[in-house]
Amino acid sequence: MTSTTARAHLIENVSLYGDTTADLVLAGGVIASLSAADAPAGAVRIDGSGLVALPGLVDLHTHLREPGREDAETIATGSRSAANGGFVAVHAMANTTPTADTAGVVEQVWSRGREVGLVDVFPVGAVTVGLAGTQLSEMAAMANSRAQVRVFSDDGKCVHDPLLMRRALEYVKTFGGVVAQHAQDPRLTEGAQMNEGLVSAELGLAGWPSVAEESIIARDVLLAGHVGSRVHICHLSTAGSVEIIRWAKARGIDVTAEVMPHHLLLTDESARGYDPRFKVNPPLRTQADVDALRAGLADGTIDIVATDHAPHPDEDKDCEWGAAAMGMIGLETALGIVQKAMVDTGALTWRDVARVLSETPARIGRDAGHGRPLAAGEPANVTLVDPAAAWTVDPAGTASRSNNSPFGGITLPGRAVATFLRGTPTHLDARLTETSTEGAPA
Amino acid sequence: MTGTVLGAPDIARALTRIAHEILERNEGHDSLVLLGIPTRGVPLAHRLAARIGDVEPGFDASARAGALDITMYRDDLHRQPTRAIGETTLPTMGLDDRTVVLVDDVFHTGRTIRAALDAIKDLGRPRAVQLAVLVDRGHRELPIRADFVGKNLPTAKSERVDVHLTEVDGNDEVLISGARSATDGERA
Amino acid sequence: MRHLLDTDTLTRDEAIRILDASAQMAATQEREMRKLPTLRGKTVVNLFFEDSTRTRISFEAAAKRLSADVINFSAKGSSLSKGESLKDTALTLQAMGADAVVIRHWASGAASRLAGSGWMHGHVINAGDGTHQHPTQALLDAFTMRRHLVDDSAGKALDGVTVAIVGDILHSRVAGSNIPLLRTLGAKVVVVAPPTLLPYGMTDRDDLDVHYTLDDAIEAHDIDAVMMLRVQRERMTGGGSGFFPSPEEYTRLFGLDGDRLRRMPDHAIVLHPGPMNRGLEISAEAADSPRSVIVEQVSNGVAVRMAALYLLLAGEEAPQ
């Protein structure tokens, strides 16, 4: 359990958002002050020099697999992995067994998250019963449950029926919810294995055309505009999707969109070795798509980065491409990839990173207490980033129960070295532990 | 450490002598065919056939000489990089009930000849098989001996014997070189 | 060569080397005694996750004629156990000491996965993986074409030869292997298919000519060899998923009959990987014409597979 009685922390000389240097005094679950002089006696002192402080990261798209696939991940291991990656809150997708389509299941996930206490686990409710795409689930019951669900998604499957999608978009207005659409036309992607393009043609793998994603997004932004609701588009993967979102926003449609770290870094060329670690839904696309996604994220067309952390046990990846499960773990690599792809290339500042990895996802998810400014009186949800702590990814070395990262062996430029959830350190790099001292500043 | 042990005239004399010996041993040429083992046994077989034809007008040299590739019968395939398969060309007379004279350039361990005997067995049933070699350098590893030898050449195991023939190498000579480096292949 | 997984990675020299070795193997198959001792003591496993009696017996004959021991392993997995069975089977084969594994699998990339996974050490020959490749089929096709269309063919490629490949290019591993190999060997490749059965981007390639009807292709090119692909019954119809409206329409646009054959050059040969749908992609007249080399393809298949096994297995063992 998080607790307001956690020991106070003083983070000295830390760069807020990468632009102003200050001290952060975390006490009583809030940011008590930006001045070391206000630190209570006995506060744990952390040398923040060289570190960037961001509001604690929020992931709008996580698969924790519990209940049902505890062999792949549990709420406990997924929470641990999230905290290690700098996250203070995650939205747990509904495609569990049983499906999170009732108040009972979402409350179970929510309360298990509270017990673990490493991150705030916000359950995502299913739009349709059993993700079957035929009947709306009791979304209001989930919204009014203790879990207070605000994000609804059939992620893993597309809400394909246009009439059902319209009803869902309208219905969530009742409680200020949002439908997060997994945009994938099922007919255009029957048996699809990877991006349809020159590489799929060469490898003999059934193609997954961009239009299967783009046609659904185009329909859904028009529907959202028509019924005056808001819609969130999961995991954009194509240049065309970025264009459609840009167009929709220009028309004033209330649409938000997310991109995954792997779609900012990898292309369909990765499939050449038939290594299923690179098999993911939506698939890795071309370099032109990667460039468009980066540009879209930089200019605000794409609102947020989310992980789509999708753990799978080894046996689901240690096989033929065609038999393998789709998905990648990503909670612990997300920040480093965003730095590599966006910050170190000059496309985003750290203040922008705060926006796309904390403030906006919290706003879309209506997550009270998250994505708040680093200011006195705000909840002490803080992530410390060391942008110079280059590290080589070892999938077996993460806290996730699964190892299906496509980034094994890749060097990332930086990482989260500390995560505070309401003032309690949920992740504290060994280096900081060793150098932290107790007592008031001299 | 390289020296010529046989020059072109020596090789020519040796082949002429062998051609006569073959005729004498077999009391004529009626059933005689010659099979050269690639690479350099093949031109040697053709030269011998031509010499026999010079002596015996009824002997059609082109119909009596052929090539016998033994690559797929070797017992040392797994010790070497994959070898290209050579061509096997049987004399038009075939092998059944013929006297086959196998022809090779250097006679060493005897393993090549063993492989050749296996290969012949799959191609027909000769009445007899004889062996003619240009150089016998010794160091046999199998109980096989040559019927006709151009030159007996006592060598150390570490020495290397190279036969050059005009048809393959542009000139005729037999070279011996010593103290080979460890990476040189052993000629079987 | 360590494995034979696809034809993209074969160099021109390697491909010619295989064709030349195939010619020598074919010569041994005309003898009374066709068995060679070359691979005595080696074990070749035919690992077939998909039924293909023709391909399996061709590999079996090739291995046996080189005196290898052959183990046939049919592992038709259920959809649930598909993934596990490849890895576990590979571990089993490794434990049994397989020197080479000939694998036929429904999944594209399965042979590559087997070769690169570290699950087993033996040589891998791809005998057809999903809709990807079937390299020995392409090699036997090239060998057959070289025999008929190239004079004094030893050591030569297929430069200047025009080959038309007709049919379901999208799903055909035969086309998938033939196109890169023919390009490597210098042949001109003409692809004939309905647009629905062409892989993404093929019409943009400048090293291929694409036609949407067989008549257009015959009109535009002097075709030396025409390769008719088998139409898979399940691709034909079925709601909105059919790739063409009806078998009759396919035959009208893409079927090879006597009339179309007569409009090709007199020396043009007809190939088909088999088994044929007579009356659909090829008429009986074309299939049984003197210009058809379809039966010869089968015997050449054994020679090519002997060559592949020889080149993979006869050399010195690579360090483990």
Side-chain angles (χ1 to χ4, degrees), chain A residues 71-72 160 185-212 238 268-279 283 285-289 312-327 402-404 408, chain C residues 5-9 49 77-91 103 105-119 126 128-134 169-177 179-180 198-205 208 234 238-241:
Chain A
D71 58 327
H160 177 238
D185 187 296
R187 283 286 274 160
L188 287 172
T189 52
E190 276 172 19
Q193 295 292 323
M194 68 172 293
N195 178 49
E196 181 169 276
L198 298 176
V199 181
S200 69
E202 211 177 300
L203 297 184
L205 291 171
W208 186 311
S210 297
V211 64
T238 79
D268 57 356
E269 293 288 329
S270 304
R272 286 194 181 280
Y274 294 100
D275 184 338
R277 286 183 305 140
F278 297 100
K279 182 176 177 180
R285 305 283 188 182
T286 67
Q287 189 61 48
D289 294 305
H312 291 288
D314 286 351
E315 60 268 27
D316 287 351
K317 288 288 190 181
D318 215 2
C319 59
E320 309 89 319
W321 182 285
M326 298 185 199
S402 293
N403 303 315
N404 56 306
Chain C
L5 304 177
D6 56 52
T7 57
D8 307 277
T9 48
F49 288 83
S78 71
S79 59
L80 284 174
S81 65
K82 271 172 186 172
E84 294 162 350
S85 60
L86 181 62
K87 180 178 181 178
D88 290 338
T89 308
L91 295 172
I103 177 173
H105 201 288
W106 53 268
S108 299
S112 161
R113 196 84 180 110
L114 190 61
S117 62
W119 298 329
N126 182 4
D129 61 327
T131 55
H132 178 224
Q133 290 224 354
H134 188 0
I169 311 293
L170 178 63
H171 301 100
S172 170
R173 48 196 171 209
V174 177
S177 278
I179 292 170
L198 282 172
Y200 179 91
M202 187 161 274
T203 48
D204 299 331
R205 282 177 63 167
L208 299 175
E234 67 269 22
S241 303

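In what follows, every chain begins at residue 1, and chains take the letters A, B, ... in the order their sequences are listed.
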Looking only at heavy atoms and a cut-off of under 4.5 Å, which of C/Ala110, C/Ser108, C/Ser112, C/Gly201 has the most pairs with chain A? C/Ser108

Counting heavy-atom pairs closer than 4.5 Å to chain C, which one of A/Leu203, A/Asp316, A/Leu205, A/Asp275 comes out on top? A/Leu203

Tell me every residue that passes side chain to side chain donor-acceptor pair (under 3.5 Å) with A/Thr189, counting only those two or more places apart in sequence or in another chain. A/Gln184

Just verifying a value: how many Å separate C/Leu5 CG and A/Tyr274 OH, rounded to the nearest 0.5 Å? 9.5 Å

Sorted by number, residues from residues 190-200 of chain A in contact with chain C (heavy atoms, under 4.5 Å): A/Glu190, A/Glu196, A/Gly197, A/Leu198

Partners of A/Pro276 by side chain to side chain contact (heavy atoms under 4.5 Å, CB included), sequence neighbours excluded? A/Lys317, A/Ala324, C/Arg113

Partners of C/Ser177 by side chain to side chain donor-acceptor pair (under 3.5 Å), sequence neighbours excluded? C/Gln133

Reported CE-to-CD distance for the pair C/Met202 and A/Glu202, which is rounded to 0.5 angstrom: 10.0 Å

If we define contacts as heavy-atom pairs under 4.5 Å, which of C/Gly109, C/Gly176, C/Pro180 has the most with chain A? C/Gly109

